[in-house]
Structure formats: C-alpha cells, structure tokens
Amino acid sequence: MVDAARHPKVEILAYSEVLRVDGYIGNFRVEVMQKPRYVIAENCTGDGECADACPIEVPNEFEMGLAPRKAIDVPHGQAVPLIYAIDMDHCIECYQCVTACGHRDAIDFTQEPELLELEVGSIIVATGFDSFDPTVIPEYGYGPYPNVITAMELERLDNSAGPTIGRLIRPSDGREPKSMAIVQCVGSRDQRFNEYCSGFCCMYAIKNAILLKQMIPDMEITIFYMDIRTPSKGYEEFYNRAREMGIRFIHGRPSQITEDPVTRNLFVEAEDQELGEVLEFEVEMVALSTAAIPRADTEQVASSLTLSRSPSGFFMEYHPKLRPVDSPTDGVFLAGAAQGPKDIPASVAQGSAAAARAARVLSSDTWEIEPIIAKVDEAVCVSAQGTRCGLCVGACPYGAISCVTGEAAQITSAKCHGCGGCVAECPHSAITQDHFTDAQVVAQLSELLRDKPEEKVLAFMCHWCSYGGADMAGTSHFEYPAVSRGIRVMCSARMDSDFVLEAYRRGAGMVLVSGCHPQDCHYITGQQIAAKRFERLHRQLERLGISPERFRVEWISAAEGEKYARVITEMNETLDSIPREQILAENREARATIERRLQRWKNSPQMIELMADLEPETSAEQEVPAS
Amino acid sequence: MTTSNELRIGVYVCSCGSNIGGVIDPGEVAEFSRTLPGVVLARENLYLCGDPGQNAIAQDIREHGLNRVVIAACSVRMHEPTFRACVAEAGLNPFLMEMTNIREQDTWVHSHEPDAALHKAKELVSAAVAKVTYVEPLQPITVPVTKAAMVIGGGVAGISAALDLADMGIHTYLVEKEQSIGGTMAQLNKTFPTMDCSI
C-alpha cells in the first residue's frame, strides 16, 4: 500500500468513483468524481487530533461495526492515504475538529465533489468482491444470536490491529470462548444462493483456526465442511498442520444452529457424513465462512465499461483459458476477485498479469484494430435522402453511430466493435460489415443447402458463445446427428431475419439461430437486439405458414457443449417427425412472399449474382426448382 | 499478390493426426475440393499447424500465385491467428484466408457416422470456398495510444497491477472509492499460507 503511495508514477485517487467511460482501446476518456473529504489533503498531517476532539461516535465499517469511529476519522491507523474525512451524514457541525486542527487549517466545510476528466490508454478493473449476507439463512441464527459471527468479524477480533487488540471475545459477554465451530460454504455451493465454490474460504477458515489455536491452546475448534479444497502450493501442508494441531474437521454441512438463551452457547446440528450420524455440538461461538459474491455495483461498472458477466455474476473474461485477464472490451483488463473469487496470491498474480496485458497496449505508439467493422453506403442510406430513420443508432451497443436526418448515418470506426447489429437492422441494406457481408453469408448458405436441404438443420452461430459451444461439444465428443450445417458470424445481432427466410427459400428443413446468453453477450446488448428480432420473425414465419417448430432460437454459452449437442439432436428428432412433403409444401408456399421481401438484396453485383434465381416478377405460382 | 481478378483458391485439408483422418479421408475431401469453382489446388496434410504444413501453404501461395486460401481443419477459435500469420508471411492479405471447422464440429461429433461426416466436411469446404470468393483484403485500423493507465479498485489486485505498470514507467491512476486503498486485504489478519501480515 505504502509502495503505491510513494511511487512517483502512481497517482492515487482515493474516495473517488468512476462515473463514465468513453472511447476505445488506447483512447479512453474517464470521468472520475472525487468525493469531498471536507479536509484539505495537503494540510492534513494525519495526527488525528480532530478525531480525538470529535464528540460523535458511529459504528466503524472497517471494524465490521465491532468498534466505534468518529464523524471525522480514517478507516484505520495504517490507512493510505492517511487523510481524514468528515462523514457528513453524522457530523453535527460543532467545529471542535476545526479548533483541534488549529494552525494546520485542514478542515474545509465548503468542499464540493470534484470532477476529473482523465485520458488513458487502457483500464484495469479490480473492483473486488462483497461478502454474502448470512442473515438470509435464518437457520444459522446470524443476527439474533450474538455469538454467531462472520469470518470477517473473526478476522477483526483476532487481529492485533483490531478493536480488541487481538483478544478474541464473545460478543454476548466479552468472555474468551473455549470452543468454536467454523461453518464452511455459507452462501456458496448452495443451489439456493450461489452454485460456485468461493475458493479461498477453506484456507481462511484453516488460517483462523490455526491463529486461534496459537492464541488459546486449549480452545476446541471444529470446522464443518463439505469438501476441503487446498489446491495451491503449500495449502495441503497448511491443512495437515491444522489437523496435527488438533483442529477437528467434520464432513457435514450444519442444518441448524440454535442458542441456549441462558448461556448464549450455541448448538450446531450436522450430519457427520463419514460416520453417517447426526451430531449436535455445543460451542461457545460460531464463525460463518461466507461466500465471496459480486460487488453490488458490478452491473453499473459492467455497463460503463461494456463488460459482460459470468452466470455467477462476476466479470466475464475474454476466454477462460487462453485470455483469462482480458475483458471482452479491447483495452480493458480484469484483475482479482472482480473476475471471480480469488485469494491473495492469485489476486497479486492476476494484477501483475493484467498489468502486463495493459502494458502490451501502452508500450506501443499505435494499436491495430481488427477491421471487421460496419460501413455505411451513403448513397443508399435513407437518412441522407431526408427520411427520419436511425434504426442503426438504436442497434449499436457502443454508441458508435450517429444519424442526423438529411445526412447519412456516420459510424466512428474506432468505436465500432464489429457485432454487425446495425447491418442486420438496416432495412435498406445501407450498412455492410467487412468480412461478414450479406454476400459472404448467403454464399455459404447456398452451398450448405445445395444438396437435400429439407434434411438439414442450418445453424447460425455467434463467434463467442454458440460457436464456442459447438466447439465444446466437439472437444467433449458429445455426438449428435450429422445433419447440422453451421454459419458463423460475430454476434447473433448480425443474424438477419432475411438469412433465415433465405434458408427456407432454399429449402432448409430446420433453422437454428444461436447466440450468447444475455449476460454473456460480447457486444453488451447484441443478443437482446437479436432476441427481439427473432421474436418478431417467429410471428412472421407463422404467417408464412412455416411450422413454428422448424425454427428455433437458443442461447448457448461457450461452455455448453452438451446443450449444443442436445439442441441439434432434438431439432433432428423434430425434423424426422414432420413429413417431408409438408416441409416441401411449406417452403413452396412461403417462397413468393419471401422473394418479394428479398428484392432489397439485389443491390450489389455480388448479391445479384447470388440471387440470380430470384426474379422481380416472381409470382406465387412459381414452382420450387428441384434441389 | 493478385495480378488479375481471376480466383486462385488453394484448399488445405488437415488430417490432424487421427483426429480428422481417423474418421474421414482428408484426401477424398481434397479431391472433391478440386472440382469447386476457383480452386486451383487442394492438398491434404497431416498437421497443417505444424511447420511443414505452414511451409507448404506459404510455398504454394508464392509458387502458384494463390490469392485465396481455405483451411479445413480445427476451430477458428484455436488456430485462426496461426493461419492468418502464415498466409500474411507469404504476402497474402490475412483476410483472404478462411477456415472451416471439420474437427470440433464434424469428426469429433460424428465419429460414429463417418460417411455423413465426410459428406458434411465436403459441404463445409464448399461453403468456405464460396465465402472466400467474396472476401476482400482488409487493412487493420491503426489508432494512437495514450500512454497512461487507470486501475479501478485499490485492493491487492489493483495495487499489484498499478505498481507493475508504474515500474514500467507508465503513469497510472489508482481509483479507489473508499477513503483509503487496501481493500479487503487491509482488513485481514495474518494471511495464509505464510502467516505474514496483510498490510
């Protein structure tokens, strides 16, 4: 901490919050608000005479409410920076601090929030985690029973810098306890709350047990666990040391904790799974190893930086194995428990890893961006012709498009991430995405449906999730029928409804549109744009007479290989259950309407070539050519 | 590289040892590929991602004037950068190379239906050939870089990142919403497994 404060290249902006982030890799503009301390940083000597003089005491959050603080204070004695701040929610403005501060003249009640506009080339998100609130598990009695505490409260109570100067006491009577139960997996590995393993709780529980045993050698300590997880270097040895010290480990998750109202001792009821017996232990104190959970403001940070979140709610990395500290937004990196529960060694390592990844950008004068971006054909854009449109603006998750009636829509290349949502939303074919053009998609589609299309499942996949899911089905060797044919685009937002219609026009039996789950979308809201579009398409297909079961929309993550295989298998079963003649008839009947709609595609030499069989004067009577 | 508008597509079918070759005959896919419009040569290779495979592609681009390349092998998520670099080295714009996945999305999931897997591989190659017919060379977009960094969150991970960046000479803003840095770590007593102080 002190190293950071003393480093000439580190500028600490404490008591500050990021309000807004604009820009792109190499060129971010960040608006930061410095909250007023009502203390002039340069004048504050950190001696704390102001706090001594302050008459107001409130619970100290740093001490988990186990000690008081003053209305003017620092969180703890070793705080960096050591600058006092006035808590205006509790200050009574008696000005005794002003008197105590004296000639230093550091107190300033007129301070206002200060807005800073900072320019940076890359950003590392290391916003940490929150602790699970155990009051939502009433059977553990946290709250009503004073001697049931959380692991973090225990940290403060056995800490020599804590409120009891390292002496463990029972909150009910201030006595030193002679027995303690530590309960693992409180709020984690629990289908009711969080499915994931919090990772570091086994180790901190063992650590606290060892510390307590060293402080109070005759103390009986029992750890109730589901599994003890000690996978890092030196951790298993640490666990063995705890066992050798006489700390008892019981394999069982307590079902209930009750209290003796007179002694305030606690009864922990659990099944010892090794013995297959239900046990009841009487202990003087219980500590709950609460899960690490995503920060309450994760959603807000995610939206300002266009990050996505894992199903657990923590920030999602670009690739779980190959790019574990990159976020989906270029130039933004993840470090520490913000990405998932992590202990100190892992957090430090990830911090260094993120720094190296960020430095990779910052060490060069320029940066190259993949050119798969969207471009507007100004001659075709109806806005340029004076029509109010702007559908592309609404489809862009990055605010990269501006559209003023009378002028063609403008795309800021460096802001465009290449999802293709605007391309598919533009009803006039005025926008093209390089490397994923309409012609390139239709060319693939026509080849994949050249032979016996009615026996096939045509699958549109997004690069990040469902294509990854299909890959995962492969690496896991989950077999599925060889009827599927895939087309990859970057995002489900790029999947034009007309691609689906064109597939039926070319005789497809089944069509699958697949993409990321909403929280996983690599283009923030791309999936939502697609979801809305395909809801509309469902209704349109119904009007066209295409059986609804012949079109399916599925959100499949890169981890869901099993789901991808299952979806294709099910779609094949559906396909088998529909008579072939019916499929052919439905496609035949829908053809004329689809062809009228697809006339818009005949606006480039490539598309005219690809859609050569599509005649402007197509009538409903036209025969379907033999496939 | 391209001297005329004539398409000169090279198709490369990877055997990936037995991962692909154990289910379908890559030679048969290559043979089929030669019948596709614009394809001037098609080859199979035991490991296209290996040095001999990469060299063969680069050599063909130079000697046969290939202006499009189709790689039928594994996932783009696995080896697209490898093959892009390979064709670029031989002077071809990397966006004129297209991969199609006949491993994860074919032989690994249809190993019990080898005939159907072979048929699918051929159709996937046809589709990739059709796509490269319409691809254009693209140039990366170059943007300037502001030589400063921001770390949001002053806990142990953020401090570690900020110090490393600063040591590399990069001006680093360390933004912390609380009054002081240190985060959760600062609240902890001694830390495992070495039992040293957290601050």
Side-chain angles (χ1 to χ4, degrees), chain A residues 1 4 7 9-18 26 75 78-80 85 119-128 155 158-159 203 207 234 238 335-336 344 347-348 351-352 354-355 358-359 362 366-369 371 413-414 434 439-440 443-444 447-448 470-471 473-474 477 479 482 606, chain B residues 75 77 95 104-105 108-110 112-113 116-117 120 123 126-127 130-131 134 138-153 155-166 168 170-177 179-185 187-189 191-193 199:
Chain A
M1 279 164 35
H7 203 297
K9 288 281 185 183
V10 177
E11 189 173 336
I12 296 177
L13 302 170
Y15 218 29
S16 299
E17 287 189 36
V18 170
Q78 287 168 280
V80 174
E119 292 190 355
V120 295
S122 71
I123 297 173
I124 293 173
V125 178
T127 47
E155 290 282 348
D158 66 16
N159 191 324
M203 285 300 288
K207 176 206 74 174
F238 193 74
I344 294 173
S347 297
V348 171
S352 290
L362 300 168
T366 56
W367 191 253
E368 286 187 352
I369 298 179
S413 301
D434 278 342
Q440 289 164 8
Q444 292 175 75
E447 287 305 317
L448 296 174
D471 276 0
H477 293 257
E479 297 261 337
Q606 294 180 342
Chain B
S75 171
R77 289 167 60 97
F95 291 90
E104 286 88 340
Q105 298 182 15
W108 274 357
V109 284
H110 310 310
H112 301 309
E113 298 180 86
K120 181 171 174 177
E123 293 193 350
S126 298
K131 180 173 176 181
Y134 295 102
L138 300 174
Q139 300 308 324
I141 298 161
T142 303
V143 294
V145 172
T146 306
K147 305 245 178 191
M150 178 173 289
V151 178
I152 306 173
V156 60
I159 292 173
S160 158
L163 284 174
D164 281 8
L165 285 167
M168 287 184 261
I170 295 161
H171 188 91
T172 305
Y173 300 101
L174 180 58
V175 181
E176 168 57 54
K177 74 174 172 186
Q179 243 180 291
S180 59
I181 59 170
T184 305
M185 176 195 67
Q187 285 180 284
L188 302 178
N189 194 1
T191 53
F192 61 80
I199 296 180

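All chains are named by letter (A, B, ...) in the order of the sequence lines, taking the proteins before the strands, and each is independently numbered beginning at 1. Just the heavy atoms: all of them, side chains too, but no hydrogens, waters or symmetry mates, feed the values below. All values derive from a computational prediction rather than experimental measurement.
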Checklist line | B/L174 and A/I12, any side-chain heavy atoms less than 4.5 Å apart | finding: yes

Next item on the list: Mind ranking A/A439, A/S352, A/A354 by heavy-atom pairs under 4.5 Å with chain B and telling me who comes out on top?
Entry: A/S352

Checklist line | Sequence-distant partners of A/Y15, ring pair (Phe, Tyr, Trp, His ring centres under 6.0 Å), two or more places apart | finding: none

Check: chain B: which of A/G336, A/S122, A/A79, A/G128 shares the most heavy-atom pairs with it under 4.5 Å?
Finding: A/S122

Notebook entry, point to check: To the nearest 0.5 Å, what is the distance between NZ (B/K177) and CD1 (B/I152)?
Noted result: 11.5 Å

Next item on the list: Could I get the full list of ring pair (Phe, Tyr, Trp, His ring centres under 6.0 Å) partners for B/W108, not counting sequence neighbours?
Entry: A/H477

Checklist line | Among A/D471, A/V348, A/V10, A/I344, residue most engaged with chain B (heavy-atom pairs, under 4.5 Å) | finding: A/D471

Next item on the list: Find out whether B/M150 and A/I124 are in side-chain contact, i.e. whether some heavy atom of one side chain is under 4.5 Å from a heavy atom of the other.
Entry: no

Next item on the list: Please flag which part of B/I170 lies under 4.5 Å from any non-hydrogen atom of chain A: side chain, backbone, both or neither.
Entry: both

Next item on the list: Flag the one option from B/G153, B/P144, B/G158 with the top tally of heavy-atom pairs under 4.5 Å to chain A.
Entry: B/P144

Check: Do you know which of A/A359, A/S16, A/A470, A/A335 has the most heavy-atom pairs under 4.5 Å to chain B?
Finding: A/S16

Notebook entry, point to check: Between B/L165 and B/A149, what is the shortest heavy-atom contact and its length?
Noted result: CD1-CB, 3.7 Å

Note to self: Which one wins on heavy-atom pair count under 4.5 Å against chain B: A/E155, A/E11, A/E119?
What the structure shows: A/E11

Next item on the list: Please determine, among B/P140, B/A117, B/A162, B/A116, the option with the most heavy-atom pairs under 4.5 Å with chain A.
Entry: B/P140

Next item on the list: Return the option, out of A/A85, A/S413, A/A358, with the maximum number of heavy-atom pairs under 4.5 Å with chain B.
Entry: A/A85

Margin query: Is there a side-chain contact between B/T142 and A/E368 in this structure, where contact means two heavy atoms from C-beta onward sitting under 4.5 Å apart?
Written below: yes

